Asks: 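Pasting a structure below so you can have a look.
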Protein chains: 2
Amino acid sequence: MRRMSEEPRTSRIQRQVVQLILDRRLTAGAPLPTEAELMETLGVSRNSVREALKALQALDIVEIRHGFGTYVGKASLTPLVDGLTFRTLARHDDDTGALAEILQVREVLEEGLIRRVAATLTEAELDNLEGVVTRMESAGGTGRMGSTFPDLDREFHEALYASLGNALVPQLLGAFWTVFRRVSGARGWTDDPTPEITVRRHRDIVTALRARDVEGAQRAMAVHFRGIEARAAEESRGVG
Amino acid sequence: MRRMSEEPRTSRIQRQVVQLILDRRLTAGAPLPTEAELMETLGVSRNSVREALKALQALDIVEIRHGFGTYVGKASLTPLVDGLTFRTLARHDDDTGALAEILQVREVLEEGLIRRVAATLTEAELDNLEGVVTRMESAGGTGRMGSTFPDLDREFHEALYASLGNALVPQLLGAFWTVFRRVSGARGWTDDPTPEITVRRHRDIVTALRARDVEGAQRAMAVHFRGIEARAAEESRGVG
DNA sequence: GGAGGGAGATACGACGTCCTACGTCCGGGC
DNA sequence: GCCCGGACGTAGGACGTCGTATCTCCCTCC
């Protein structure tokens, strides 16, 4: 009699490859055994190996370079971005609700984080933030809403939390930000019609931070998010 | 002359399958075309189809059931859990730092969320939370630290934010919680040596919430996290 | 002697075919 | 009427083959 409920090859191979990385203490960028070596080591066919590696690639746990080899991946939050984007787009009619959920999480995170960061930000970091805002002003002032303005917005929020020394925070916020932007693009939303207001909100945040006004900084961040939410609601009303 | 930098089949197929789901407005659980149909529709081999589906399965965008068919997935945060777990374990020596990062995000989230939820929690929901704490007490009191205690802990934190109406929040917190637990397990950490203190911290949170004491609830949550952080530091010191 | 280019090695990308495993459903036997 | 077993559809897995991308190294040309 055969064993019942045997685990599928592919998922077993996935675990074995991960375990191999862990056991050998490999870090991001380190080369993995070739597909041929893996199929021999694990005693499975090349198809199974490839399917397992494809799955791990989707999780950014391995990186496959055509004609070169397979490498340990950076384990970024790309899968989260893909998943959230799909999930939001797949709500077909109610993507406003899905975006609002993401926005609320971002809001709670940033309002809590800015308090933690307010006390420890150095003057140099504040100067840097102010520089980003200034660049936003000139980018918005030209009337040319290319790709630079959103990038600066993202840069602002990332620079804001750099001093935390928490690598996960900017990645997580960046993931949410990217989802928001991708969904906006897929829905054909227009650019921010009032960039000068958006820029001012950012400047308010820096001003409060420079004054070491924790409450004020949090309030300014909250106001900023009210603006984003209002715009999202507007757009989805206009389109839907 | 050939076109340079042609996109790989597999990733193109991935996008096409996702687009198919979006175009047909399919929702979680809906059946997808069979592998044979896809290979004909997209004009590619079955292996390519399978590799693409495997990648989408890893993202929980599709669900494959052996011998039955392929279906639209729930797009849960499983990929995030897998990614964060790997990422933490792959830091080999410094997993304490990685766990601390996750813990800090959880902490900021929960401290911000509890403020938003404090005003809107109904008495019935408070009763439910208190019931969970009571069950934690009896589970801890027996001395038998099986799997129920951690499950109750998770249940507590999920029930706490149910009234937000934000489906993403409990999933995100659950993901972080699961990563923490998996890493703990992989590192062979022991069970909470002082469950009675942990239970008390939970009860303090409920008490503050019942008194509609927003500041107190946030403080109680902060204290709870101090405890978790201390225990994590202790364990990793003991093992490392 | 050094820079550029081509040949070969290496490794992933894709395909076709075959067989197996799983699950459903229907029909025959009890 | 119930139960069991086999047919059928679908995914899982294996093998062999060819195609294509990247790197390396050596040879040629300047």
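Since we're looking at a predicted model, the values are computed, not measured. First the proteins, then the strands, lettered A, B, ... as listed; each starts at 1.
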Asks: Rounded to whole angstroms, how far apart are CG on Leu42(A) and P on dC15(D)?
Replies: 13 Å
Asks: Got a sec? Which of residues 17-34 of chain B come in under 4.0 Å of DNA chain D, heavy atoms?
Replies: Thr34(B)
Asks: Choose from dG12(D), dA14(D), dC12(C) the nucleotide whose nearest atom is closest to any side-chain atom of Ile64(A).
Replies: dC12(C)
Asks: Between P on dA14(C) and CD1 on Ile13(B), what's the gap in Å once rounded to a whole number?
Replies: 7 Å
Asks: I'd like to know if Arg154(A) pairs up with Asp151(A) as an ion pair, taking the criterion as any Lys NZ or Arg NE/NH1/NH2 lying under 4.0 Å from an Asp or Glu carboxylate oxygen.
Replies: no
Asks: Quick test of your reading of the model: are Arg106(B) and Glu101(B) salt-bridged, counting only N-O distances below 4.0 Å?
Replies: no
Asks: Any Lys/Arg nitrogen of Lys74(B) or Glu63(B) sitting under 4.0 Å from an Asp/Glu carboxylate oxygen of the other?
Replies: no
Asks: Using whole Å, what does the distance between atom P of nucleotide dT10(C) and atom CD of Glu40(A) come to?
Replies: 15 Å
Asks: Within a strict 4.5 Å, meaning less than it, do heavy atoms of the Arg181(B) and Pro150(B) side chains meet?
Replies: yes
Asks: Just checking, Arg65(B) and Tyr71(B): is the charged tip under 6.0 Å from the six-membered ring centre and within 45° of the axis?
Replies: yes
Asks: By a strict heavy-atom criterion of less than 4.0 Å, which residues belonging to residues 46-62 of chain B are in contact with DNA chain D?
Replies: Arg46(B), Arg50(B)
Asks: Return whichever of Arg65(A) or Val44(A) has its heavy-atom-nearest nucleotide of DNA chain D closer to the 5' end.
Replies: Val44(A)
Asks: Quick one: is dG13(D) close enough that its OP1 or OP2 comes under 4.0 Å of any side-chain N or O from Thr10(A)?
Replies: yes
Asks: From the list dA11(D), dA14(D), dG23(C), which nucleotide is the closest neighbour of the side chain of Phe68(B)?
Replies: dG23(C)
Asks: How close or far is atom P of dG13(C) from atom CE of Met39(A), stated in whole angstroms?
Replies: 15 Å
Asks: Rounded to whole angstroms, how far apart are CZ on Arg9(A) and C1' on dT20(C)?
Replies: 11 Å
Asks: Can Asp82(B) and Arg87(B) be counted as an ion pair, charged N to O under 4.0 angstrom?
Replies: no
Asks: Which residues pass the salt bridge (charged side-chain N to carboxylate O under 4.0 Å, His left out) test with Asp153(B), not counting sequence neighbours?
Replies: none
Asks: Are the charged groups of Glu51(B) and Arg46(B) less than 4.0 angstrom apart, N to O?
Replies: no
Asks: Using atom CD of Glu63(A) as one end and atom P of dA11(C) as the other, report the distance to the nearest whole Å.
Replies: 17 Å
Asks: Is any side-chain N of the basic residue among Glu235(B) and Arg187(B) closer than 4.0 Å to the acidic one's carboxylate O?
Replies: no
Asks: Round to a whole Å and report the spacing from CD of Glu35(A) to C1' of dG16(D).
Replies: 15 Å
Asks: Rounding to a whole Å, what distance do you find between His66(B):NE2 and dT24(C):C1'?
Replies: 13 Å
Asks: Tell me whether the side-chain N/O atoms of Thr70(B) come closer than 4.0 Å to OP1 or OP2 in dT10(D).
Replies: no
